[in-house]
Amino acid sequence: SFYNFYEKNQMILFLILFSHNNLIDDVTIREMYQEATRNEETCETLYELLKNDSSRNLSSSRLAFYGATLTLMANFSKNPVKKMMYGKQADYILDQSVIMDPKNFDARTLRILFNAKAPSILSNNSELKEDLYVFDQLKKDSTNFAKYNKWIISIINDVQTDLVP
């Protein structure tokens, strides 16, 4: 249909525009990440953008989204070796994003999702408990959440509910 054709070409245009000049902003990254949780093509596009983003190592949020996108790449992959490779990379990068800025909302929430949903061989329960504690503190301090933050907060609240025995 026309909508599918438009949507696919829109993503290609987006990739062309942003992959060469790092003009992608954090709001766009958040929106793409939310879509990438449901759409493999968007996930691959976001992965390529963040993999090639020279500012990634300067921003805890961008680094966290790169790690979270690696997690999604693992989820979408059919290859068990690639799943493990993406998962290990995601774990390391998410840890680095928290080390870079321990009070970064994106770093903490995305690492919570990783540790709550990753296979036990990759997840870290002590990190999860620490992140949930910090998340609760960050949530109290912030009164003006963006749509993305409301979305991620609802997911983290579900994770907390699932973890209660």
S.K.: List for me each residue that meets side-chain contact (heavy atoms from CB on, under 4.5 Å) alongside Ile112, sequence neighbours excluded, and say none if there are none.
M.R.: Leu128, Asp131, Leu132, Phe135, Ile156, Val159
S.K.: Rounded to the nearest 0.5 Å, how far does CD of Gln34 lie from CG of Leu46?
M.R.: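 Leu46 atom CG to Gln34 atom CD measures 12.5 Å (nearest 0.5 Å).
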S.K.: Kindly give the heavy-atom pair with the smallest separation between Phe65 and Arg30, and that separation in Å.
M.R.: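 Answer, listing the atom of Phe65 first, then Arg30: CZ-CG, 3.5 Å.
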S.K.: Can you give me the closest heavy-atom contact between Met73 and Cys43, atom names plus distance?
M.R.: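 Minimum heavy-atom separation between Met73 and Cys43: SD-SG, 3.6 Å.
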S.K.: Tell me whether Val98 shares a hydrophobic cluster with Met100, the cluster being built from Ile, Leu, Val, Met, Phe, Trp, Tyr side chains joined at under 4.5 Å.
M.R.: no
S.K.: How close do Thr42 and Ala36 get, counting heavy atoms only, and between which atoms?
M.R.: CG2-N, 3.9 Å
S.K.: For Ala74, enumerate each residue passing the side-chain contact (heavy atoms from CB on, under 4.5 Å) test, keeping only those at least two apart in sequence or located in another chain.
M.R.: Tyr86
S.K.: Can any side-chain N or O of Arg108 pair as donor or acceptor with the backbone N or O of Lys103 at less than 3.5 Å?
M.R.: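 Flag not set: sc Arg108 to bb Lys103 has no pair under 3.5 Å.
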S.K.: May I ask whether Leu72 and Tyr66 are part of the same hydrophobic cluster, defined by side-chain heavy atoms of I, L, V, M, F, W, Y residues being less than 4.5 angstrom apart, directly or through others?
M.R.: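 Leu72 and Tyr66: one cluster.
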S.K.: If I compare all heavy atoms of Gly67 with all of Ala90, which pair ends up nearest, and what's the gap?
M.R.: O-CB, 3.3 Å
S.K.: So which atom in Val134 and which in Pro102 form the shortest heavy-atom distance, rounded to 0.1 Å?
M.R.: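 Scanning both residues, the minimum pair turns out to be CG1-O, 3.9 Å.
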S.K.: With a 3.5 Å distance limit and no angle check, can you tell me whether Thr45 reaches the backbone of Glu41 through a side-chain donor-acceptor pair?
M.R.: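 At least one qualifying donor-acceptor pair exists.
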S.K.: Check salt bridge (Lys or Arg N to Asp or Glu O under 4.0 Å) between Asp95 and all other residues, then give those that pass, not counting sequence neighbours.
M.R.: Arg111
S.K.: Could you report the tightest heavy-atom contact between Tyr33 and Ala68, atom names first, then the distance?
M.R.: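 Looking at all heavy atoms of both residues, the shortest contact is CE1-CB, 3.5 Å.
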S.K.: Can you confirm whether the side chains of Asn104 and Ser61 place a donor and an acceptor under 3.5 Å from each other?
M.R.: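 There is such a pair (donor and acceptor under 3.5 Å, judged by atom type) between the side chains of Asn104 and Ser61.
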S.K.: Between OH of Tyr92 and CG of Leu70, what distance do you get to the nearest 0.5 Å?
M.R.: 13.0 Å
S.K.: State the OG-CG distance between Ser126 and Asn115, to the nearest 0.5 angstrom.
M.R.: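 Reported value, rounded in 0.5 Å steps: 8.5 Å.
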S.K.: Within this structure, what is the CZ-CG distance for the pair Phe105 and Leu110, rounded to the nearest 0.5 Å?
M.R.: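 Here the rounded value is 9.0 Å.
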S.K.: Nearest 0.5 Å, please: how far is CG in Asp53 from CD1 in Ile29?
M.R.: 6.0 Å
S.K.: Decide yes or no on side-chain contact (heavy atoms from CB on, under 4.5 Å) for Asn75 and Lys117, but give the supporting numbers first.
M.R.: CA-CA 10 Å; Asn75 288 339; Lys117 298 184 183 282; over 6 Å; no
S.K.: Going only through I, L, V, M, F, W and Y residues with side-chain contacts under 4.5 Å, is there a path from Ile153 to Tyr133?
M.R.: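 Both belong to a single hydrophobic cluster.
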S.K.: How long is the span from the CG atom in Asp91 to the OG1 atom in Thr71, to the nearest 0.5 Å?
M.R.: 8.5 Å
